[in-house]
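All ligand and atom numbering here is 1-based and tracks the order in the structure. The shown structure was predicted, so the numbers you read here are calculated from the model rather than taken from an experiment.
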Amino acid sequence: MTFKVTELRPRIGSSVETDLETLLSGAVGDELRALLQARGVLLVRGLQIDDAQQLAFTRTLGPIGDGDAGTIYKVSFDKRENPTHADYNYGNFSWHIDRTDTDVPPFASILTAKRLATRGGETEFANTYAAYEDLPEADKQLIDALRVVHKLESSYRESVPSPTPEQLATWRRHADKVHPLVWRHRSGRKSLITSMSGTEVVGMPAEQGAELLARLMVWATQPAYVYVHEWRVGDIVLWDNTGVMHRARRYDTTCGRLMHRTTVLGDEPFDPHGAPLAA
Ligand SMILES: [Fe+2]
C-alpha cells in the first residue's frame with residue numbers, strides 16, 4: 001500500500017499519491033475523509049478509473065448520493081451525454097456550494113476528467129473555513145446571526161443574463177431556501193455559507209444586503225483561499241462541499257468537455273440549530 005500526501009496550496013488542497021488497489025479497497029477511506037475535511041480539496045492523479053471504480057471509491061468515503069440524473073452525473077453541455085440537465089451546467093461558472101436549494105447538501109463531490117476543454121475549464125476552489133477564520137472580528141460579529149435567501153436561479157445569472165423561458169422554468173423548479181451566513185459545524189468549526197445563489201440578507205435593505213454579500217464573496221475568493229485546478233485526463237478531484245465553494249472557468253460549451261461526477265451524501269444541515277425554513 002502506498003499513500004503520500006503533498007500540499008497544493010498552504011490554505012487549501014492536497015495531492016494524494018496512491019495506487020488503485022489502495023484507493024478502491026476502503027483501507028484509506030476514513031483517512032481520506034478526514035484529510036478532505038482538513039484540506040478542502042484532494043487531487044489523485046495518474047490513475048485512470050472507470051465508472052464502476054469511481055462508484056467503488058466514492059463508497060469508501062460514505063453513502064453515495066443518487067441524483068435525479070443518476071448516480072454517475074455527466075457534467076457536459078452535450079445533450080447526447082447529458083440529455084436532461086445540460087442547462088444546469090451554466091451555474092457551474094459562478095462561485096457556489098452545491099445544492100443550496102436543500103437543507104442538507106452533499107458532503108463531497110468527486111469529479112473525474114474524461115475530456116478536457118480546448119481552452120479554459122479549470123476548476124477553482126475556495127476554502128470557506130479559512131475565509132471565515134480570517135475575517136476581522138467586527139465582520140464576524142456583524143454576520144453572526146444573519147440569514148440569507150438563496151435562489152438557484154441567481155447562480156445562473158452571471159453566465160446566462162437573458163435566460164429562455166424554458167431555462168427559467170427549469171431553474172425555478174428548485175426551492176428557495178434561507179440559510180445562515182455562518183455555518184456552525186458539528187466539529188465546532190465555522191465556515192461561510194457564501195454562494196452566488198445568495199440574493200438577499202433577511203431583514204436588511206436589498207441594496208445593503210447585496211453589498212455585504214458581494215463584499216464577502218470578494219473576501220472569500222482571495223487568492224490565499226483559492227486553489228485552481230488545471231485538469232489532465234484521468235484526474236480525480238474531490239472536495240468537501242461543506243467547507244469549499246467552487247466554480248469552473250469559462251470554456252466553449254460546444255468543445256465536448258466531459259467530467260463524471262459522483263457525490264457522497266451529507267449529514268450536516270446548513271442550519272443545525274434551526275428548523276428548515278423555506279424562503
Ligand atoms: Fe457544483
Side-chain angles (χ1 to χ4, degrees), residues 12-13 36 40-43 54 58 61 64-78 81-82 84-114 116-117 120-129 131 150-160 167 170-171 173-175 177 179 183 191-199 217 220-221 225-231 235-251 253 257-266 268 270:
I12 181 170
L36 187 58
V41 181
L42 300 180
L43 162 66
Q54 184 168 345
T58 304
L61 300 168
I64 203 160
D66 194 5
D68 52 3
T71 310
I72 296 267
Y73 175 72
K74 293 183 177 180
V75 183
S76 170
F77 283 96
D78 185 341
E81 296 284 1
N82 184 351
T84 57
H85 285 63
D87 274 345
Y88 284 96
N89 293 313
Y90 287 105
N92 296 346
F93 295 123
S94 298
W95 284 111
H96 66 285
I97 294 170
D98 283 338
R99 301 307 307 267
T100 53
D101 60 319
T102 61
D103 296 311
V104 184
F107 161 59
S109 293
I110 295 141
L111 285 181
T112 54
K114 303 298 181 187
L116 306 185
E122 301 89 350
T123 304
E124 300 177 301
F125 299 93
N127 185 335
T128 52
Y129 281 114
H150 289 260
K151 296 173 185 282
L152 209 60
E153 181 189 335
S154 303
S155 295
Y156 299 89
R157 289 283 183 180
E158 260 185 341
S159 50
V160 190
Q167 285 172 324
T170 303
W171 300 331
R173 242 177 261 146
H174 295 260
K177 287 283 175 184
H179 300 306
W183 198 335
S191 66
L192 289 173
I193 303 177
T194 39
S195 177
M196 288 303 285
S197 60
T199 54
M217 185 58 78
T221 57
Y225 310 130
V226 173
Y227 166 64
V228 182
H229 185 63
E230 296 181 17
W231 292 94
D235 279 354
I236 307 167
V237 171
L238 47 155
W239 67 92
D240 173 0
N241 186 56
T242 69
V244 164
M245 280 191 288
H246 61 284
R247 71 173 178 181
R249 285 190 179 166
R250 296 303 297 264
Y251 58 90
T253 58
R257 181 185 188 269
L258 175 65
M259 308 271 159
H260 285 195
R261 189 188 73 198
T262 46
T263 55
V264 179
L265 283 180
E268 275 207 279
F270 283 115

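Checked against side chain to side chain contact (heavy atoms under 4.5 Å, CB included), Ile64 has the following partners two or more places apart in sequence or in another chain: Leu55, Thr58, Arg59, Thr71. Not counting sequence neighbours, the partners of Asp240 by the side-chain hydrogen bond (donor to acceptor under 3.5 Å, both in side chains) test are Thr242. Every residue two or more places apart in sequence or in another chain was checked for a ring-ring contact (aromatic ring centres under 6.0 Å, His included) with Trp95, and none qualifies.
Aromatic ring orientation, Phe125 versus Tyr227: parallel (interplanar angle below 30°, classes split at 30° and 60°). Taking the six-membered ring where the residue is Trp, His229 and Trp231 present perpendicular rings, their angle passing 60° and hence far from 30°.
Within the protein, the number of N, O or S atoms lying under 2.8 Å from the Fe ion (ligand 1) is 3.
Not less than 6.0 angstrom separates the ring centroid of Tyr156 from the ring centroid of Phe93.
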